[in-house]
Amino acid sequence: MIALTLPDGAVREFDGPVSGFDVAKSISSSLAKKSFAIIVNGEVRDLGREIETDATIEIVTKGHEEVLPLIRHDCAHVMAEAVQELYPDTQVTIGPSIENGFYYDFARKTPFTPDDLVKIEKKMHEIINRNEKIEREVWDRNEAIKFFLDKGEDYKAEIIRDLPETETITCYRQGAFIDLCRGPHSPSTGKIGKAFKLMKVAGAYWRGNSDNEMLQRIYGTCWETQEQLDAYLHMLEEAEKRDHRRLGREMDLFHMQEEAQGSVFWHDKGWKLYRKVENYIRDRLSNAGYQEVRTPQLVDRVLWEKSGHWEKFRENMFTTAPDSDEKVLALKPMNCPCHVQIFRMGSKSYRDLPLRMAEFGCCHRNEPSGGLHGIMRVRQFIQDDAHIFCTEDQIVSETKIFCDLLKSVYKDFGFTDIVVKFSDRPEVRAGSDEIWDKAENALREASEAAGLKLEINPGEGAFYGPKLEFVLRDAIGRDWQCGTLQADFVLPERLDATYMGEDGEKYRPVMLHRAILGSLERFIGILIENYAGRLPLWLSPVHAVICTITNEADDYAREVKEALAAKGLNVELDLRNEKISYKVREHSHAKIPLILALGKREAEEKTASVRRLGFKHQKTVAIADLAEDMVREIQDRVIEADF
RNA sequence: GCUGGUGUAGCUCAGCUGGUAGAGCGGCGCAUUCGUAAUGCGUAGGUCGUAGGUUCAAAUCCUAUCACCAGCACCA
């Protein structure tokens with residue numbers, strides 16, 4: 001007897017092993033038709049698989065959160081089947097479901113063209129209409145290897161060879177197509193429906209390693225309903241409109257050009273924004289007990305050799321090319337070695353620790369051309385960089401203080417949902433296991449104490465210490481590392497930083513490399529995308545534009561501008577002989593937060609008709625009150641004004 | 001760096017299989033003084049990313065190169 005417990009607590013008994021499909025059928029035949037899979041003790045399984053022991057189960061039907069990953073994976077298989085039907089010379093490799101869809105990596109000499117995608121998509125609809133049964137098969141390891149080798153599927157054979165001996169080898173068969181796969185899958189291809197679309201082709205390295213050959217990856221998106229697909233495609237279109245590169249141009253913030261690849265030309269308004277961000281973080285750091293320093297841009301390679309950068313980071317460094325045996329200088333890619341130089345000046349005592357040293361230093365890194373991206377990934381950038389020199393015992397408290405500060409700063413910028421990635425010890429590393437234990441625990445404890453949720457990145461730490469990465473998302477869902485905290489036991493050693501302990505002995509300080517915003521360029525890019533250009537008043541380069549309705553109000557408009565400027569507000573004047581609706585439209589496009597329309601009425605009453613960006617209505621306010629409200633909104637760093 | 005795609009006026013884009021460039025918006029000029037997301041008329045803008053090549057003739061075909069876009073790798 002097998003007893004299966006349903007989500008509502010009801011128990012159903014069966015004489016012997018029973019398939020998920022039969023379980024569903026025992027409840028109702030219509031349920032069986034509507035099912036995609038069955039969850040057995042928390043594990044999603046094919047309906048065709050037999051359940052052999054007592055278990056709690058749940059039938060997966062339309063709308064269940066497990067449906068999307070399932071049909072996306074089905075869709076990947078259908079795409080592979082379509083590709084092999086159309087292009088038999090293609091080998092299949094790996095094709096998982098991912099956020100919003102799926103991809104499949106193919107090995108083929110000739111790359112797929114956008115035209116091919118149209119054909120493949122058509123073929124996929126055919127296969128789905130055929131409603132092929134998807135069946136799970138358990139294979140013998142060696143037979144499976146032989147089978148795939150005979151089929152010319154070398155990659156599949158390689159995958160099986162690399163699987164642990166204990167792993168059950170399963171294949172999924174649909175029509176003439178058979179694929180090595182862990183599963184699970186829906187019962188048939190018809191379950192996928194029509195709400196999918198192939199999106200793009202791209203190269204991708206076999207097993208994610210750039211030493212390996214490059215495969216052809218096709219990305220697709222797949223949803224349960226057409227409405228969901230349409231909504232997703234619409235979201236992508238909308239996201240395009242908040243691209244910081246586009247908004248940067250439209251809002252006249254910055255530009256980039258060929259002659260300075262990977263570097264930003266900040267325009268007046270963009271630089272105003274930049275300075276607001278920089279001054280804000282400067283104040284926060286200063287209040288948090290940081291000193292600020294400034295170190296050289298060009299530094300002799302000798303120092304980089306000592307610090308280890310010459311060995312580990314040479315490829316990314318810009319250097320001078322001296323004529324003969326002159327010294328080689330390098331543009332600094334990081335501030336840390338220079339900060340150690342300042343630390344080393346004079347002698348330091350334990351009483352000086354923790355010593356928090358900040359610098360808005362300009363760093364240059366020769367990033368690979370393919371990695372550059374607007375102002376998010378550049379070759380010249382400025383970080384809100386700082387190094388905390390402290391004792392091992394101070395790591396926890398300093399990390400905690402840092403996490404709290406970071407959280408508070410992010411909140412001011414309107415980011416409350418912060419993802420933290422914790423990278424622990426890599427295989428190749430410096431320092432003893434004891435120190436690593438200590439550092440890892442410190443970082444973990446401190447960030448948890450600060451109420452941050454951690455994601456673990458196993459083995460991804462720096463060779464000199466573990467790190468926390470604070471990640472923000474851009475308009476289309478790409479993650480960007482902004483803040484970071486890295487514990488470093490190596491650099492103080494290499495550059496011989498010491499302090500005098502209570503006992504009169506010399507000790508090595510630990511260095512915490514840390515940034516909150518990360519690169520200001522990147523952070524501003526994220527800000528622009530996050531707000532779709534509609535920056536909070538405290539960050540907006542221009543606070544308001546005064547628009548006259550007729551030139552009768554020109555004198556009053558100048559008066560208002562004076563009054564607001566006197567309060568430190570940045571206000572522009574639009575006295576052009578244009579219709580008010582024309583001006584409103586133009587300044588709305590330019591993402592000006594407030595439009596003040598002034599006509600005869602306002603001039604007589606000493607008021608302004610105020611319209612907030614994003615709102616259709618307006619309200620009439622006395623100038624003095626308006627100025628006061630604006631100043632308060634800026635001081636309070638209001639993210640979303642309720643108008 | 002790798003794979004694919006793109007590069008035509010300030011912006012968005014058209015220009016079929018080769019016959020020396022076109023629209024809308026924006027700019028400028030004139031008129032309009034018009035109360036909350038486009039007033040009308042007129043006008044000026046381009047070595048078609050760059051360098052070679054094929055051809056009587058190249059934005060269009062070929063080669064190289066640069067930049068950008070997407071993805072991969074990288075991101076100390």
Side-chain angles (χ1 to χ4, degrees), chain A residues 103 105 108 110-114 116-117 199-219 240 243 245-246 249-250 252 255-262 304 307-309 311-317 333-334 336 363 365-374 376-379 381 460-464 467 469 476 478-481 484 486 488 491 513 518-519 522 547-554 575-590 595-602 609-620:
Chain A
Y103 69 78
D105 285 347
R108 181 169 181 248
T110 38
F112 297 106
T113 64
D116 292 335
L117 290 196
M199 303 296 280
K200 57 201 170 197
V201 226
Y205 297 107
W206 168 236
R207 299 202 146 168
N209 186 335
S210 59
D211 294 333
N212 292 341
E213 58 276 34
M214 187 162 262
L215 308 170
Q216 304 294 322
R217 174 173 298 180
I218 301 178
Y219 282 95
E240 210 177 298
D243 188 314
R245 292 163 296 194
R246 175 183 174 140
R249 185 183 60 236
E250 288 175 358
D252 194 17
H255 85 271
M256 321 269 289
Q257 66 186 50
E258 277 193 40
E259 290 81 355
Q261 197 190 5
W304 303 114
S307 71
H309 287 85
E311 186 197 350
K312 298 266 180 196
F313 208 64
R314 173 75 188 88
E315 281 182 359
N316 288 292
M317 288 166 69
M334 300 177 204
C336 28
C363 294
R365 296 181 194 172
N366 197 357
E367 302 286 358
S369 58
L372 299 175
H373 180 86
M376 305 273 222
R377 181 108 182 253
V378 285
R379 289 189 172 144
F381 55 93
E460 292 291 308
F463 74 96
Y464 52 72
K467 60 182 179 185
E469 294 173 20
I476 58 170
R478 287 179 292 213
D479 284 344
W480 294 94
Q481 184 198 312
T484 183
Q486 306 169 14
D488 180 359
L491 204 58
H513 304 243
S519 116
R522 172 176 296 181
C547 299
T548 47
I549 288 163
T550 70
N551 57 21
E552 277 180 315
D554 284 5
L575 303 181
R576 289 174 305 168
N577 176 16
E578 294 289 354
K579 296 212 292 196
I580 189 66
S581 53
Y582 180 87
K583 294 184 183 183
V584 165
R585 180 182 152 87
E586 200 173 86
H587 299 304
S588 298
H589 279 279
I595 294 171
L596 316 185
L598 305 184
K600 212 170 165 183
R601 208 159 59 219
E602 287 77 11
S609 165
V610 184
R611 182 190 171 112
R612 166 85 61 175
L613 181 61
F615 291 83
K616 284 230 163 25
H617 62 281
Q618 53 271 170
K619 66 176 178 185
T620 304

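Just so it is clear, the model here is predicted, and its values are computed rather than measured. Atom set for the values below is all heavy atoms of this structure, side chains included, hydrogens, waters and symmetry mates excluded. Numbers restart at 1 for each chain; the letters A, B, ... are given by sequence-line order, proteins then strands.
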Checking A/R379 side chain against A/A260 main chain: does a donor-acceptor pair fall under 3.5 Å? no
Does A/R377 use its side chain to pair, donor to acceptor, with the backbone of A/L372 at less than 3.5 Å? no
[X] [atom1] to [N] [atom2]: how many Å, rounded?
X      : N     : atom1 : atom2 : answer
A/M199 : B/C72 : CE    : P     : 14 Å
A/N551 : B/U32 : CG    : P     : 12 Å
A/L575 : B/U32 : CG    : P     : 19 Å
A/N209 : B/G1  : CG    : C1'   : 14 Å
A/Y219 : B/C72 : OH    : P     : 4 Å
A/K616 : B/U36 : NZ    : P     : 13 Å
A/E460 : B/A73 : CD    : P     : 11 Å
A/I595 : B/A38 : CD1   : C1'   : 14 Å

Sequence neighbours left out, what passes side-chain contact (heavy atoms from CB on, under 4.5 Å) with A/D252? Give chain and number order. A/H267
For a quick check, tell me whether the side chain of [X] and the base of [N] share a donor-acceptor pair closer than 3.5 Å.
X      : N     : answer
A/Q618 : B/G35 : no
A/Y205 : B/G1  : yes
A/R377 : B/C74 : yes
A/R611 : B/A37 : yes

Listed nucleotide nearest any side-chain atom of A/T550, set B/U33, B/U36, B/C74: B/U33
Among B/C2, B/U36, B/A73, which nucleotide sits nearest the side chain of A/S210? B/A73
Looking only at atom [atom1], what distance separates [N] and [M], rounded to whole Å?
N     : M     : atom1 : answer
B/C61 : B/C25 : C1'   : 33 Å
B/U8  : B/C48 : C1'   : 4 Å
B/U55 : B/G22 : P     : 29 Å
B/C72 : B/C13 : C1'   : 30 Å
B/U60 : B/G7  : C1'   : 14 Å
B/A21 : B/A9  : P     : 15 Å
B/G18 : B/C62 : C1'   : 13 Å
B/A58 : B/A51 : P     : 14 Å

RNA chain B: 5'-proximal contact among A/F463 and A/R217 (nearest heavy atom): A/R217
Both A/Y582 and A/L598 contact RNA chain B. Taking the nearest nucleotide for each, which residue is further toward the 5' end? A/L598
How does RNA chain B look in dot-bracket notation if pairs are Watson-Crick or G-U with both distances under 3.5 Å, crossing ones as [ ], other-strand ones as |? (((((((..((((.....[..)))).(((((.......))))).....(((((..]....))))))))))))....
Give [X] one of three labels, base, sugar-phosphate or nothing, depending on what nucleic acid heavy atoms sit under 4.0 Å from its own.
X      : answer
A/F615 : nothing
A/E578 : base
A/F112 : nothing
A/K600 : base
A/E259 : nothing
A/S581 : sugar-phosphate
A/P111 : sugar-phosphate
A/K467 : sugar-phosphate

Separation of [Y] [atom2] from [X] [atom1] (nearest 0.5 Å):
X      : Y      : atom1 : atom2 : result
A/R249 : A/H255 : CZ    : NE2   : 12.0 Å
A/S609 : A/R601 : OG    : CZ    : 7.5 Å
A/I580 : A/T548 : CD1   : OG1   : 7.0 Å
A/M376 : A/R478 : CE    : CZ    : 7.0 Å
A/L596 : A/C547 : CG    : SG    : 7.5 Å
A/I549 : A/D554 : CD1   : CG    : 11.5 Å

Chi class for B/G15: syn within 90° of 0, otherwise anti: anti
Under 4.0 angstrom between A/R576 side-chain N/O and B/U32 OP1 or OP2: no
Does A/E240 CD have over 12 foreign heavy atoms under 6.0 Å away? no
Residue pair A/H373 / A/W480, side-chain heavy-atom distance below 4.5 Å: yes
With heavy-atom distances below 4.5 Å as the criterion, would you say the side chains of A/N366 and A/E315 are in contact? no
Nucleic acid footprint by protein, nucleotides 65-70 of chain B - heavy-atom cut-off 4.0 Å, B for base, S for sugar-phosphate alone: -SSSSS
